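These values consider heavy atoms only, across backbone and side chains, with no hydrogens, waters or symmetry-generated copies. Bear in mind that the values here come from a model prediction, so they are computed numbers and not experimental data. Just so we're on the same page: letters track the sequence lines, and every chain starts at 1.
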Amino acid sequence: MNEKILVSVAWPYANSPLHLGQVAGAYLPPDIFARYHRLRGNDVLMVSGSDTHGTPITITAEREGITPGEVVERFHRSFLETFLGLGLTFDLFTHTDTENHWDVTLRMFNRLLERGYVHKQTMEALYCEQCQRFLADRYVEGTCPFCGYEDARGDQCDNCGKPLDALQLVHPRCKFSGDTPIVRETEHFFLDLSQFNEPLKDWVAAKDYWRTAVRNFSLGMLEEGLRPRAITRDIDWGIPVPVAGYEDKRIYVWFDAVIGYLSASIEWAHNRGTPEAWLDWWDPERPARSYYFIGKDNTFFHTLIWPAMLLGYGDLRLPYDVPANEYLTLEGRKFSSSRNWAIWAPDYLSRYDADPIRYYLTTHAPESSDSDFSWAEFLAANNNELVGTWGNLAHRVLTFAYRNFEGRVPEPGDLTDEDRAIIATVEAAFAPVAEDLEACRFRAGLAKAMAVAREANRYLDAAAPWKALKTDRARAATAVYVTLKVVDSLKVLFAPYVPFGSEKLHATLGYDEPLFGRQEVVEYQESERRHAGLTYHGVAEGTDRWAPSALLPGQLLREPAPLFKKLDDEIVEQELARLG
RNA sequence: GGCGACGUAGCUCAGUGGUAGAGCAGGGGACUCAUAAGCCCUUGGUCACUAGUUCAAAUCUAGUCGUCGCCA
């Protein structure tokens, strides 16, 4: 039976392009996972979108003298291009500034309010009399109460690293007017997370298959006890609060952003003309599993806050797993956009293909600890492993078959023990690689596939059909057939990781139907608003194609070409020169 | 400061009580179908540190140091 798999992907802030740290942490893993399940014939719903609210976006807009909407549009388009280029098969990548998302968010807000999970509370905040508005933490600067640094931000001190509340700042000043803000009372809505503390404890405790960092972190938070958390803010960019007297306030960005997983699923169903279809993944009475792919900084929101909101709303599925990744550093240092210490995905894609970075970021994935991106390592992984071991195996046997056997898969004779052994090896790899993929151990699964490719290289070297061709053509034909069959299977094992190479190989082997469907950018029109989204059109849905090769002798091959490009050593120096 | 994770060969990692492992890099070799790729052989490690438990510790316990995240 086909499984329903919800692949929820972190919502990127639409205020800068995506960099490779984000790709490694939250964007590539879900696509590997989704493509595996698509090959399996499972019903995948992979959703995400641009987070269009939040003060970083208004800060960017004010700095550049444009509207927040223009900032959002620019980077949302950039994300769509990046995901097309990287081959991320979102069923829907939308954004949060849509009528649909606003509706779903307000339904959640109202239901939680009705049920007593949201209450009003008075708090103190800084107010700038010159600007006549309350100041978000990011809009205040001042002296750090801990280290005395004079330019500490309202949310954190850049000098000592301590998290701050703007009210703690000594000599606070408004980032715009420079005036000293005053402390003023303001009323806000709070989500009372404490009511969910006990049910969440039982729920997390049962997740014994979660990553240790994710599970222990969440259990620790519950042990300390969850406290009410503000879900509205005194700002003007965001979703309006649907309560009289709150016209000047907006929903706090974190609250509406996590709702995106739900609203995007609903939008996807609506867009394809089956408005109830999202329930197959969200109705807890139906069989399905939901996965949330995020970076470790977002763990709290996905293992505790979002589940609390879902419990409060009722009748919605809670996360099955939240395989949060650690961080990627760049040449030993943290990614930093302000210091240009970053590799921007659009920039990468302007010079290189998607598969090499998909390969490298998987082998160096920050699954269990922070890991480092290095151009020298990237070059070595591409040239020695992806090209040398796997791409070359496919290419050497294909060119040999194409030239010496009339461009067809040769007819095999009797199989030797060695022939049977290598076929058995690759067939036996399907189960363990699948097990790794199902458990989100992407690094391990790829290593197993590569180990089989090395075995196949050894087999081919020993069988040496280029020698046998001169003395025993039938033997050469058999060895070539066996290797093609092994390569045909390896193509499937590698497909979730390096889909472009596998697709190319699939066509070269003479198949007419593609392995994967196609991505498309679509303009969606709502009653008053319009937005662009990325969608995916699947192929062979419902068919399990995660299976060993059944390659037919005589099948007509297409002219072989290398699957992946070898990269020049010089790129390391060139790329390092672009940093900083 | 509190909580959590991590710290094993140059790099990426596996190894949860019984004589330190893999891939890549480095060194040597034979071959040539192949993107000078692949194949064979091989050099690398007081398993962060300290103390303890045990016949036996990378693995268990306590503490220390370092890195990263979170602290609503």
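- Between the P atoms of B/rC39 and B/rG23, the separation comes to 10 Å (whole Å).
- Across every strand in view, B/rC60 sits in a pair with B/rG52 that passes the Watson-Crick or G-U test at under 3.5 angstrom.
- Among the heavy atoms of the strands lying under 4.0 Å from A/Arg454 are primed sugar atoms or P, OP1, OP2 only; no base atom is included.
- Judged purely by atom type and a 3.5 angstrom limit, A/Arg153 has no side-chain atom pairing as donor or acceptor with the backbone of A/Asp137.
- The residue A/Phe300 sits close to a base: some heavy atom pair falls under 4.0 Å.
- The CZ atom of A/Arg443 sits 8 Å away from the C1' atom of B/rU12 (whole-angstrom rounding).
- Here the P atom of nucleotide B/rG69 and the CD atom of A/Glu326 are 10 Å apart, to the nearest Å.
- Among the nucleotides B/rA37, B/rC70, B/rC11, the one closest to any side-chain atom of A/His364 is B/rC11.
- Between A/Asp370 and A/Lys334, no side-chain nitrogen of the basic residue sits less than 4.0 Å from a carboxylate oxygen of the acidic one, so the salt-bridge criterion is not met.
- Distance noted for atom P between B/rU61 and B/rA72: 31 Å (whole Å).
- Checked by distance alone, A/Asn216 brings no side-chain donor or acceptor within 3.5 Å of a matching partner on the base of B/rA5.
- The interatomic distance linking A/Asn325 (CG) with B/rC70 (C1') rounds to 16 Å, in whole Å.
- Taking the ring axis of A/Trp210 as reference, the NZ or CZ atom of A/Arg215 does not stay both within 45° of it and closer than 6.0 Å to the ring centre.
- Ring centroid separation for the pair A/Phe373 and A/Tyr360 comes in under the 6.0 Å cut-off.
- Pairing for B/rU12 goes to B/rA22, judged as Watson-Crick or G-U wobble with the two contacts each under 3.5 Å.
- Straight-line distance between the C1' atoms of B/rG7 and B/rU12: roughly 14 Å, to the nearest whole Å.
- Taking the six-membered ring where the residue is Trp, A/Phe190 and A/His119 present parallel rings, their angle staying beneath 30° rather than reaching 60°.
- Anti is the glycosidic conformation of B/rG63, whose angle departs from 0 by more than 90°.
- With a 3.5 Å ceiling on both atom-pair distances, the Watson-Crick or G-U wobble partner of B/rG7 is B/rC65.
- If you find the closest nucleotide of RNA chain B to A/Glu367 and to A/Ala561, the one lying nearer the 5' end belongs to A/Glu367.
- A heavy atom closer than 4.0 Å to some atom of RNA chain B occurs in A/Asp370, A/Ser371, A/Glu377, A/Asn384, A/Glu385, these being the qualifying members of residues 370-385 of chain A.
- Atom-to-atom, CD of A/Glu224 to C1' of B/rG1 comes out at 12 Å; the value is rounded to the nearest Å.
- Both cation-pi conditions hold for A/Lys296 and A/Tyr327: the charged atom is under 6.0 angstrom from the six-membered ring centre and inside a 45 degree cone around its axis.
- Distance, A/Leu563 CG to B/rA34 P: 16 Å, rounded to whole Å.
- Between the P atoms of B/rC60 and B/rA22, the separation comes to 23 Å (whole Å).
- One interatomic measurement links the two molecules: CG of A/Asn404 to P of B/rC33, which rounds to 10 Å at whole-angstrom precision.
- Side-chain rings of A/Tyr291 and A/Phe33 approach one another, their centers coming within less than 6.0 Å.
- Nucleotides B/rU46 and B/rA58, compared at atom C1', are 12 Å apart to the nearest Å.
- Relative orientation of the A/Trp375 and A/Tyr348 rings is parallel, given thresholds of 30° and 60° on the angle between their planes.
- Between A/Thr212 and A/Leu226, the residue anchored nearer the 5' end of RNA chain B, judged by the nucleotide with its closest heavy atom, is A/Thr212.
- Counting distance only, with no hydrogens placed and no angle test, the side-chain atoms of A/Asp461 and the base atoms of B/rG38 include a donor-acceptor pair under 3.5 Å.
- Applying the Watson-Crick and G-U wobble criteria (two distances, each under 3.5 Å), B/rG1 pairs with B/rC71.
- B/rA30 sits 10 Å from B/rC41 when the C1' atoms are compared, rounded to a whole Å.
- Nucleic acid contact for A/Lys467: none, since no nucleic acid atom lies under 4.0 Å from a heavy atom of the residue.
- For the pair A/Trp210 CH2 and B/rA5 P, the computed distance is 15 Å after rounding to whole Å.
- Across the protein-nucleic acid pair, A/Asn197 atom CG and B/rA72 atom P stand 16 Å apart, rounded to whole Å.
- If you take atom P in B/rG45 and the same atom in B/rU8, they sit 15 Å apart, rounded to whole Å.
- B/rA36 and B/rG29 are spaced 16 Å apart, taking the C1' atom of each and rounding to whole Å.
- By the 5.5 Å and 30° criteria, A/Trp466 is stacked with the base of B/rC33.
- Figure legend: cation-pi geometry between A/Arg454 and A/Trp390 absent, as NZ or CZ is not positioned both under 6.0 Å from the six-membered ring centre and within 45° of its axis.
- If you check every strand for non-hydrogen atoms under 4.0 Å, A/Ala365 touches sugar and phosphate atoms only.
- Residue A/Ser218 is out of contact with every strand shown, counting any heavy-atom pair closer than 4.0 Å.
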